[in-house]
Amino acid sequence: MIALVAAHGATFLTLRLPAADAPTTGRLARRLVVGALAAVTTATALGLLSDRVRAATRQPLPAVLLVVVLVGALLAARAALGRGRPGVALAATGAALALPVALVGAALWPAVLVSTVDPAATLDVADAAASGPTLRLLGWLALPLLPALLGFQAMCWWVFRGRTDGRAPVYW
């Protein structure tokens, strides 16, 4: 995860720093993407060799497919950085950051929390789900808040959409 976050951060800097710094940060981002690929490959190999991981994995096919998608996202990010397309690379590294969560969730489905002490104590989706009244209350609370949060995020991206210049070291 550290390698993925570092690659994503460098890609973000390639997109936002002044155009004069873009080649330098682009080279750094490409190297960090290669490091992230190595980390993903190592983690996958160690996971395949681990008896505990293999025992906890209930859905191996989706896990393998998501690892392939994760590697594809990183390769797409590297290619986009090589072509000078930092926006596409940022989207690809963002997807690569989200995919490990989906990968673990898909591999463990329907388990939410796997007990390493007692397999009978493993928590599954049905046991972890909130009750109907709780979900209805949360739905009514989320209904007005979600558009406001998405609107604020869109406004922040719109206001700070350009590259920084030498006058301001930060956006704020």
Side-chain angles (χ1 to χ4, degrees), residues 1-116 122-123 125 128 146 149-150 152-164 169-172:
M1 288 304 294
I2 291 170
L4 290 172
V5 169
H8 185 64
T11 304
F12 178 78
L13 291 177
T14 302
L15 181 67
R16 294 297 190 180
L17 286 179
D21 297 330
T24 305
T25 55
R27 282 191 301 276
L28 173 64
R30 283 193 303 275
R31 280 189 244 127
L32 288 172
V33 167
V34 170
L37 277 166
V40 166
T41 303
T42 303
T44 302
L46 291 174
L48 290 173
L49 295 174
S50 170
D51 292 333
R52 290 175 73 177
V53 171
R54 284 189 312 222
T57 301
R58 297 179 182 193
Q59 304 288 332
L61 181 61
V64 170
L65 292 175
L66 286 172
V67 167
V68 170
V69 172
L70 174 57
V71 169
L74 289 172
L75 291 173
R78 181 154 166 64
L81 286 166
R83 290 190 312 266
R85 307 277 316 265
V88 173
L90 184 69
T93 57
L97 267 174
L99 282 167
V101 175
L103 190 150
V104 170
L108 297 179
W109 185 265
V112 174
L113 183 62
V114 177
S115 174
T116 57
T122 295
L123 187 65
V125 173
L146 187 60
L149 289 172
L150 291 175
F152 181 74
Q153 185 68 39
M155 187 245 353
C156 284
W157 273 96
W158 179 258
V159 168
F160 303 116
R161 68 190 175 277
R163 293 184 178 274
T164 60
V170 294
Y171 288 117
W172 307 102

Side chain proximity check, [X] to [Y], heavy atoms < 4.5 angstrom:
X     : Y      : result
Val40 : Thr44  : yes
Met1  : Leu97  : yes
Val71 : Leu37  : yes
Arg58 : Leu108 : no

*Is a side-chain donor or acceptor of Thr14 paired with a backbone partner of Thr25 at a separation under 3.5 angstrom?*
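Yes, the answer is positive, given that a donor and an acceptor are paired below the 3.5 Å cut-off.
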Worksheet item: Judged by atom type as modelled, is there a donor-acceptor pair below 3.5 Å linking the side chain of Ser50 to the main-chain atoms of Leu46?
Response: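 Not confirmed, Ser50 side chain does not pair with Leu46 backbone.
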I need the minimum non-hydrogen distance between [X] and [Y], along with the two atoms involved.
X     : Y     : value
Ala96 : Leu70 : O-CD1, 3.3 Å
Ala20 : Pro23 : O-CD, 3.6 Å
Ala80 : Ala89 : CB-N, 3.7 Å
Leu48 : Arg54 : O-NH1, 3.1 Å
Ala77 : Val33 : CB-CG2, 4.5 Å

* To do: Return yes when atom CD1 of Ile2 has more than 12 non-hydrogen atoms of other residues, nucleotides or ligands closer than 6.0 Å, and no otherwise.
  =>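 No - once you tally the heavy atoms of other residues, nucleotides and ligands closer than 6.0 Å, there are 12 at most.
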* Would you please test Leu32 and His8 for side chain to side chain contact (heavy atoms under 4.5 Å, CB included) and show each step? => CA-CA 9 Å; Leu32 288 172; His8 185 64; over 6 Å; no
message = Does Leu4 form a side chain to side chain contact (heavy atoms under 4.5 Å, CB included) with Leu74? I'd like the steps, not just the answer.
response = CA-CA 9 Å; Leu4 290 172; Leu74 289 172; 3.9 Å; yes
* Asked: Which value, rounded to the nearest 0.5 Å, describes the distance between Thr11 atom OG1 and Arg30 atom CZ?
  ->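 Rounded to the nearest 0.5 Å, the OG1-CZ separation comes out at 10.5 Å.
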Separation between CZ of Arg78 and CZ of Arg31, rounded to the nearest 0.5 Å: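 That separation rounds to 10.0 Å.
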